[in-house]
Amino acid sequence: MSRTEFQQQLEQLRRDVYEMGTLVCQRLRQALEAFETNDDSLAADVITGDGEINERYLELEQDCVELFALQQPVAGDLRFVASSFKILTDLERIGDLAVNLGEYTRQTEYRRYSDIDIAYIGEQTIDMVERAMAAYKRSDVTSAREIAAADDDIDTLCEGASELVVRDLLEIETGVELTENTDTLLEDVSRMLLTIRDLERVGDHAVNIAARTLYMVDHDDELIY
Amino acid sequence: MQYYRDLMGTDAQHEPPQSSSSDSSDTGAQTDGRMVSESDDRSRSDSIALESRNLDVYYGDDQALRSIDMQIPEGQVTALIGPSGCGKSTFLRSINRMNDLIDVARVDGDLYFQGKNVYDEDVDPVALRRKIGMVFQKPNPFPKSIRDNVAYGLRVQGKDDGDVDEKVRTALERAALLEEVEDQLDSSGLDLSGGQQQRLCIARAIAPDPEVILMDEPASALDPVATSKIEDLIEDLSKEYTVVIVTHNMQQAARISDKTAVFLTGGELVEFDDTNKIFENPEHDRVEDYITGKFG
């Protein structure tokens, strides 16, 4: 294979990884919609759709392995393939977190915490992932750094939401309010805490993508460690 | 002062030029004129084995090297890479004055080996080459026995005293060849495989116990198995010797070297740094373009 073809392969990998990012964000958005509307059918679509993400992940991972084995990339090319390889893992994990949201939706019969704006937090995290993938696509280190900074806002939102849940639980435990079946209550509390935690993790994966982009472009590992 | 006597021939009694010592002290080169003794630890260190300063080489009117400044560390493997005609082999041959053998070659500037400019008039090139051995691209054993091939270097150096056999075996062992040829030391070196012949040539180069080994694409004519053995051997040799290797195989440079120097067209040394730095994040776009295949 000529070096020109190799460069074309690298650009194709960049497009493929970006498209996988787009697919993952679509799934996450669907999962949030299903969660918000309590749409079991849409949640089931998200869960079964994860197979497509996993398949795409394995294909692109294999593409990276072949580039390592057959082209032995160095310098900027090496950093690009290595970063893409790592970003693929982050995207696959975000897909898994979307599946989690779908499962929480199917397991939940009613919502206790309607005052926690999961939709808003979720949209913020999706926005981070989309911006991180755009930074990857454009090799934009400025955007990559901004995404890392934005994660603090997500963390603050998630901490606030978790605190609401815990505070509510403490009030129940002290007997101020105990109107529901305890098992159902605990399941609902757990699922809400897990939902918040998963969305916070989506933000973390977005930061990982930004960190790998920064390394890819500038050989700067500041955000990785 | 034994080193300078060696370098200048056995009768020479000259002192090293004062200017050489004082100049090189600024750049970390060994400057006190002492010979590195046989017992000195030559494992990886920060010491400088070779240093070129403002080195130009011309072939007639053509300039092959331009103002090369480089400090080659002692006890490490330094790889010289670059496209054909960039001057990397010229630089290698300048180190032990092999270019003296080319009539139209002319060298300006300085090249210090342990504080002594090897281009000083009082330096004997033959004595220099005992201290700085060389292995060539194509294995070139003499049409002699394996034993005589290795003993040759000792005889040239006048070290063919009673323990030649022991020194031959030691050199073959260091070259990772003894086990394979132990029972056929009197067979012709030409009967060996290409990879074995190259290791025989390495044994011949290290028999006189040099300080530096120069290698000019030593594995380019060998199959992958023989290449792998040579690469393993180079790593072993670097524990005792300073190794400078020219290679067109960039992955080989990445695998075996501690430092990499990138020469580009026009005889210019564009970048010289730790090998992992060169192959992961080179400073210069021209180097990046060359090592990623976007050159030209």
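In what follows, chains are A, B, ... by sequence order, proteins preceding strands, each numbered from 1.
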Would you find more than 12 non-hydrogen atoms of other residues, nucleotides or ligands less than 6.0 Å from [X] atom [atom1]?
{"X": "A:F68", "atom1": "CZ", "value": "yes"}
{"X": "A:R14", "atom1": "CZ", "value": "yes"}
{"X": "A:D40", "atom1": "CG", "value": "yes"}
{"X": "B:E179", "atom1": "CD", "value": "no"}

Report summary line: Heavy atoms of A:D77 and B:K294 approach each other most closely as OD1-NZ, 3.3 Å
Query raised in the report: What's the shortest heavy-atom distance between B:E288 and A:G76, and which atoms?
Result: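 Looking at all heavy atoms of both residues, the closest pair is OE2-N, 2.7 Å.
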Query raised in the report: Would you say A:Q72's side chain and B:Q251's backbone share a donor-acceptor pair under 3.5 angstrom?
Result: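 Answer holds: no.
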